[in-house]
Amino acid sequence: MAPVRFDDKVVIVTGAGGGLGRTYALAFGARGAKVVVNDLGGDRSGQGSSRAADRVAYEIKSAGGTAVANYDTVEDGDKIIQTALDNFGRVDILVNNAGILRDKSFARTSDTDWDMVHRVHLRGSFLVTRAAFPVMKKQNFGRIIMTSSSSGIYGNFGQSNYSAAKLGLLGLSNTIAIEGQKYNIHCNTVAPYGGTRLTEDVMPPDMYKELKPELVAPLVLWLSHEDCEENGSLFEAGGGWFGKYRWERAQGKFCRETINDPVTPEAVRDNWETITDFTDAHHPGTNHEASALLVMGLQDLKAAASIKANPTSSAGGGTAGVSGPMSALGVTVGPESYTYHPKDVILYALGVGTSLSDEDGIKFLYENEEEFCALPTFAIVPAQTAMMGGNLWGSMKGYSPNLSKLLHGEMYVENIKPLPTSATLSTEFKVVDVLDKGSGAVLVTDSYTKDSSGSLIAKCQWVLFIVGDGNFGGPRSGKAAVPLFDAPTRTPDATEEFKTYGDQAALYRLSGDRNPLHIDPSFAAMGGFSEPILHGLCSYGIAARMVLKRFCGNDVSKFKAIKTRFAKPVLPGQTLVTDMWKEGSRVFYTCRVKETGKDCLTGGYVDIVEDGTTSTMATSPSAKLGSAAVFQEMGKRISQDPDVVKKVNAVFLYKIMVNKALAGQWTLDLKTPPGSIYEGEPKSGVKPDVTLTLDDEDMVALVTGKLNPQKAFMSGKLKVSGNIMLTQKLQGLLSPSSKM
Ligand SMILES: CCCCCCC[C@@H](O)CC(=O)SCCNC(=O)CCNC(=O)[C@H](O)C(C)(C)COP(=O)(O)OP(=O)(O)OC[C@H]1O[C@@H](n2cnc3c(N)ncnc32)[C@H](O)[C@@H]1OP(=O)(O)O
């Protein structure tokens, strides 16, 4: 590794006439820096004057280095910076080291003692740094060191003024670090134990000898180097030992049960043990991290208030008496309504990368265009926005997922009716399965979005993966999730590339998913990500656009349903490559990140409506059922095999197969298409839905003619429930006495 050098760098060290400052200046000078040696020349209480800075500058020059002395007070920070600019043309590194002592016991500390110490340490560091900051900003480089003290961190008898100023410097440094980050200006704080004139009579003599300033300087030099990424940190240093600090915060406790309850001193007293217990303590690194945990807790209190106010409400649902992920099973939310306008439709299209330069791009981006319409995947927006308003998480009584660890696992969208470009739609959510994947908990959540007349517009399924919440003893697999299918192994029929841009997530989030995981670096860090990641649904929408373009001619009415698994996170700015294979009315696709070569969307497919045909929907979840080809074969048998048609009404069987299956329940929509077994419109007030329950394998047997539907019905394998009149009619069709 190359030695740590500062060639061509300009360093200012304040208070460099002696002690630590002098050591820093000499060390920088010896390693190639041009040094401004600042010192007022006073004694340790700030009195008198000497030519100490000249002597240090001379020492540096004698050793072959470059230095200039400066005698301005740190309160004239701009003059010190000007000295650097006049002599060397820039300022790269600033070490705020100047300090004085005015020790007195607290009761005897005078205004002057207080003010003098603050003026030199805190105000002085502020003034020199403020003058340096714009110069560093322009250079897009800067390293700043603040000098704190163990007296500030822990307190020290007789040093109330000094302690306060020294810890004030840490706060100053923390904020400069945040504001400077984007300009590559780093600010760190060092609390040195140095055997200097400031400490010589407050330390035992044998220790004083060991705490040589030279043994602190290496840390200051490394923190000042361009290769050092550290920013906003505090270190103690002494005798060649260096250690970083962090904040530790107890898990703590809310001393109220709901957001509406008062908090009393008695509650604080009674919970003192928990409030002060450091078991499983947090170590928040930023204000965001600290407040994010608080906000999550407050959301829980809010949810607790609504459950308390309305204990019989269906919201919350859940498995009674169970805690952890399993308690989410059965939780329902909604209906929650969401009103949107053409602006929202356009914003979503922009969020998933639609451009006016795309073929037909204008019809998704301009409300006055004759064919203006919503992208098919826009169906997720009303659902998700309503869900977030409906507070799914808050409705779970015994489980509170950490949102920074919640990843979108899989997604299914089925468009039942064309999506309006403006509407008020309402959505209901239900957690239909909870799985224990070891490395995480999986919540399978269905949503149903309806228009104001109650007509179903879209069905979605959201599979959520909560990293780290596994091993709770739940089942590993279930039947509720819409299945994934492997893409064919042959060469893709089409491939499309799309480069996301750095602000893709910032734009996409305006369509409803404001999860800070996608924009806030500190929140992303809590989830274990080095930077905010792109919304899974953004990559999904981009891939869907590719299929829409290549296989539907950008005609949204041909795009029926879409499923995928989010296999790897994507970072804004990465390029998505979508490979597509068409087999029958299904387009299989996978998506990979070009820069890493890793698949990010897997097992995906889009069911399309081909000219003159009805679409096929995703069918039952079961790997045992094999590939999509099996389902296509089943479709053919239904339409071609007269025996099957004879055994049971063709539409009945066809609808069993094509309607989406969830949790082994097959919904038969008797309204469409015309010519179904239910002839004519349902009577007013009569629900048109009937539910058929059938095992996956029996379903295949039934559809392929191996299982007699009447026998299946009589033996109880096939169950019919729902609207009484329609159920009876179906039962009639299935009973042995019926004429088919
Ligand atoms: C209701 C509306 C709410 C909307 C909320 C929206 C929240 C959004 O803001 C959040 C986002 O958009 S996050 C961005 C998109 N998602 C991602 O980037 C996740 C990418 N996937 C991963 O990192 C891993 O697959 C990972 C981490 C998920 C799993 O990786 P591993 O732990 O290594 O798992 P692995 O060993 O591969 O497999 C273990 C078992 O888990 C199953 N599995 C894997 N990936 C899955 C996934 N993505 N979804 C569901 N299940 C998944 C595996 O099949 C395996 O189970 P089994 O052994 O039973 O087969």
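We count residues from 1, following the sequence as given. All ligand and atom numbering here is 1-based and tracks the order in the structure.
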Among pairs that include at least one residue of residues 480-496, which meet salt bridge (Lys or Arg N to Asp or Glu O under 4.0 Å), considering only residues two or more places apart or in two chains?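 Matches after skipping sequence neighbours: R490-D493, R490-E583, E496-K549, E496-R550.
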Between the protein and ligand 1, are there any N or O atom pairs that come within less than 3.5 Å of each other, and if so, what are their names and distances?
{"unit_1": "ligand 1", "atom_1": "9 (O)", "unit_2": "D513", "atom_2": "OD1", "d": "3.4"}
{"unit_1": "ligand 1", "atom_1": "9 (O)", "unit_2": "D513", "atom_2": "OD2", "d": "2.6"}
{"unit_1": "ligand 1", "atom_1": "9 (O)", "unit_2": "N515", "atom_2": "ND2", "d": "3.1"}
{"unit_1": "ligand 1", "atom_1": "9 (O)", "unit_2": "H518", "atom_2": "NE2", "d": "2.7"}
{"unit_1": "ligand 1", "atom_1": "12 (O)", "unit_2": "G536", "atom_2": "N", "d": "3.0"}
{"unit_1": "ligand 1", "atom_1": "16 (N)", "unit_2": "H408", "atom_2": "O", "d": "3.0"}
{"unit_1": "ligand 1", "atom_1": "21 (N)", "unit_2": "F566", "atom_2": "O", "d": "3.0"}
{"unit_1": "ligand 1", "atom_1": "21 (N)", "unit_2": "A567", "atom_2": "O", "d": "3.2"}
{"unit_1": "ligand 1", "atom_1": "25 (O)", "unit_2": "A567", "atom_2": "O", "d": "3.3"}
{"unit_1": "ligand 1", "atom_1": "32 (O)", "unit_2": "S439", "atom_2": "OG", "d": "2.6"}
{"unit_1": "ligand 1", "atom_1": "43 (N)", "unit_2": "R565", "atom_2": "NH1", "d": "3.4"}
{"unit_1": "ligand 1", "atom_1": "48 (N)", "unit_2": "G409", "atom_2": "O", "d": "3.0"}
{"unit_1": "ligand 1", "atom_1": "48 (N)", "unit_2": "F566", "atom_2": "O", "d": "2.8"}
{"unit_1": "ligand 1", "atom_1": "49 (N)", "unit_2": "G409", "atom_2": "O", "d": "3.4"}
{"unit_1": "ligand 1", "atom_1": "51 (N)", "unit_2": "R565", "atom_2": "NH2", "d": "3.2"}
{"unit_1": "ligand 1", "atom_1": "54 (O)", "unit_2": "R565", "atom_2": "NH1", "d": "3.0"}
{"unit_1": "ligand 1", "atom_1": "54 (O)", "unit_2": "R565", "atom_2": "NH2", "d": "3.3"}
{"unit_1": "ligand 1", "atom_1": "56 (O)", "unit_2": "K437", "atom_2": "NZ", "d": "3.3"}
{"unit_1": "ligand 1", "atom_1": "58 (O)", "unit_2": "R476", "atom_2": "NE", "d": "3.1"}
{"unit_1": "ligand 1", "atom_1": "58 (O)", "unit_2": "R476", "atom_2": "NH2", "d": "2.9"}
{"unit_1": "ligand 1", "atom_1": "59 (O)", "unit_2": "K437", "atom_2": "NZ", "d": "2.8"}
{"unit_1": "ligand 1", "atom_1": "59 (O)", "unit_2": "R476", "atom_2": "NE", "d": "3.1"}

Under the salt bridge (Lys or Arg N to Asp or Glu O under 4.0 Å) rule, collect the residues that match up with D358, sequence neighbours excluded.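 D358: salt bridge (Lys or Arg N to Asp or Glu O under 4.0 Å) contacts with R545.
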Does any donor atom in the side chain of E414 or Y412 lie under 3.5 Å from an acceptor atom in the other side chain?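 Looking only at side-chain atoms, Y412 and E414 do form a donor-acceptor pair, the distance falling under 3.5 Å.
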What is the ring orientation for H408 with F566, classed by angle as parallel under 30°, tilted 30 to 60°, or perpendicular over 60°?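 Aromatic pair H408/F566 classed tilted.
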Do any pairs count as a side-chain hydrogen bond (donor to acceptor under 3.5 Å, both in side chains) and have a residue in residues 419-433, sequence neighbours left out, and if so which ones?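 Checked against side-chain hydrogen bond (donor to acceptor under 3.5 Å, both in side chains) - neighbours excluded - the pairs reaching residues 419-433 are T339-T424, T427-T449.
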Strictly distance-based, threshold 3.5 Å: is any side-chain N or O of Y340 a donor or acceptor partner for the main-chain N or O of P420? yes
